[in-house]
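The next block holds one structure in the form of structure tokens; read it before the comments.
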Amino acid sequence: MEDLHFLRLWDLYHPLLTPTRQEITNLYFNCDLSLAEIAEQKGCSRQSVSDCLATCRRQLEEYEDKLHFSRILTEASLTQSFLATDIAKAANEFPARYREKIEGILERDYTQEVAKAIEEHGGELR
């Protein structure tokens with residue numbers, strides 16, 4: 001379970017790591033290689049890989065402590081989930097035709113609209 005936490009931090013902050021640390025953490029977190037396999041591939045000791053991973057874990061935690069991106073994303077996701085749940089509950093009190101419209105809105109995939117908005121206003125969204 002702890003690795004899932006660090007994998008989320010890695011997804012957010014790995015560009016801030018050095019290229020070597022990015023590679024080692026990628027091999028460990030995403031490719032699921034063992035310390036021995038990474039050490040063999042990188043031509044170093046198992047202990048140096050272990051030390052690198054420990055350092056990277058600390059670094060990723062420090063980035064999160066300072067920037068809070070993971071917490072912000074989690075809060076936004078939970079807020080959206082609670083909002084959708086409350087809207088769905090409220091929709092049950094409306095007449096059927098309104099309820100169907102609200103359910104359609106809640107089930108709608110906004111992926112294309114988001115992509116278009118980013119494409120059109122990408123510079124303004126940063």
Side-chain angles (χ1 to χ4, degrees):
M1 197 66 172
E2 186 177 320
D3 277 349
L4 289 177
H5 170 69
F6 285 104
L7 186 57
R8 180 174 176 103
L9 295 180
W10 188 86
D11 284 341
L12 292 167
Y13 301 118
H14 79 272
L16 301 175
L17 299 173
T18 65
T20 300
R21 288 181 176 172
Q22 284 182 32
E23 183 180 6
I24 289 173
T25 53
N26 181 53
L27 292 171
Y28 184 77
F29 288 125
N30 296 321
C31 298
D32 203 28
L33 268 59
S34 69
L35 299 180
E37 291 169 323
I38 296 170
E40 182 180 327
Q41 186 172 342
K42 297 299 291 172
C44 60
S45 71
R46 186 182 174 281
Q47 183 61 47
S48 65
V49 172
S50 178
D51 292 345
C52 177
L53 289 172
T55 300
C56 289
R57 286 177 190 266
R58 280 192 305 277
Q59 248 186 317
L60 294 172
E61 285 287 0
E62 288 174 12
Y63 293 144
E64 177 59 19
D65 288 344
K66 291 175 183 172
L67 301 172
H68 309 291
F69 290 152
S70 180
R71 184 184 53 117
I72 290 167
L73 290 172
T74 299
E75 288 174 359
S77 178
L78 285 171
T79 299
Q80 182 181 7
S81 178
F82 291 141
L83 177 63
T85 299
D86 286 347
I87 291 170
K89 287 178 185 176
N92 288 329
E93 299 173 11
F94 292 168
R97 65 188 173 128
Y98 295 119
R99 188 171 41 247
E100 290 170 5
K101 285 183 179 182
I102 292 171
E103 288 171 354
I105 291 168
L106 290 172
E107 293 173 3
R108 185 172 168 197
D109 181 4
Y110 288 92
T111 306
Q112 291 178 346
E113 286 88 345
V114 169
K116 184 177 178 183
I118 289 171
E119 182 180 313
E120 291 175 358
H121 306 285
E124 299 168 22
L125 297 175
R126 292 183 188 148

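Numbers here are sequence positions counted from 1.
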Exercise. Which residues satisfy the side-chain contact (heavy atoms from CB on, under 4.5 Å) test with I87, sequence neighbours excluded?
Worked result: L83, I102, L106

Problem set entry | Test side-chain contact (heavy atoms from CB on, under 4.5 Å) applied to E23 - qualifying residues, sequence neighbours left out | L27, K42

Problem set entry | Under-4.0 Å salt bridge between R71 and E75 | yes

Problem set entry | Distance (rounded to the nearest 0.5 Å) between F69 CZ and Y63 OH | 12.0 Å

Exercise. Hey, does the side chain of H121 reach the backbone of A117 with a donor-acceptor pair shorter than 3.5 angstrom?
Worked result: no

Exercise. How about E113: does its CD atom have over 12 heavy atoms from other parts shown lying under 6.0 Å from it?
Worked result: yes

Problem set entry | Distance, nearest 0.5 Å, that separates OH of Y13 from CZ of R8 | 9.5 Å

For this session: Hey, can you tell me if F29 and F6 have their rings parallel, tilted or perpendicular (30° and 60° cut-offs)?
Result: parallel

Problem set entry | Enclosure of Y110 OH (heavy-atom neighbours >12, cutoff 6.0 Å) | yes

Exercise. Tell me, do R99 and E103 make a side-chain contact under 4.5 Å, heavy atoms counted?
Worked result: yes

Exercise. Counting distance only, does the side-chain N/O of T25 pair as donor-acceptor with the main-chain N or O of R21 below 3.5 Å?
Worked result: yes

Exercise. So how far is it from I24 CD1 to T18 OG1, rounded to the nearest 0.5 Å?
Worked result: 8.0 Å

Exercise. For E40, does the CD atom sit with more than 12 other heavy atoms under 6.0 Å from it, leaving out its own atoms?
Worked result: no

Exercise. Do D3 and R57 meet the salt-bridge criterion of a basic N to acidic O distance under 4.0 Å?
Worked result: yes

Exercise. Sub-3.5 Å donor-acceptor pair from the side chain of S77 to the main-chain atoms of L73, do we have one?
Worked result: no

Exercise. So if you build clusters from Ile, Leu, Val, Met, Phe, Trp, Tyr with side-chain heavy-atom gaps below 4.5 Å, do I105 and F94 land together?
Worked result: no

Problem set entry | Spacing of OG1 belonging to T55 relative to CG belonging to L60, to within rounding of 0.5 Å | 10.5 Å

Problem set entry | CZ on R46 to CG on L35, rounded to 0.5 Å | 4.5 Å

Exercise. Does L7 belong to the same Ile/Leu/Val/Met/Phe/Trp/Tyr cluster as L67, with side-chain heavy atoms less than 4.5 Å apart forming each link?
Worked result: yes

Problem set entry | Rounded distance (nearest 0.5 Å) linking atom SG of C56 with atom CG of L17 | 5.0 Å

Problem set entry | Check: S70 main-chain N/O paired with E64 side-chain donor or acceptor under 3.5 Å | yes

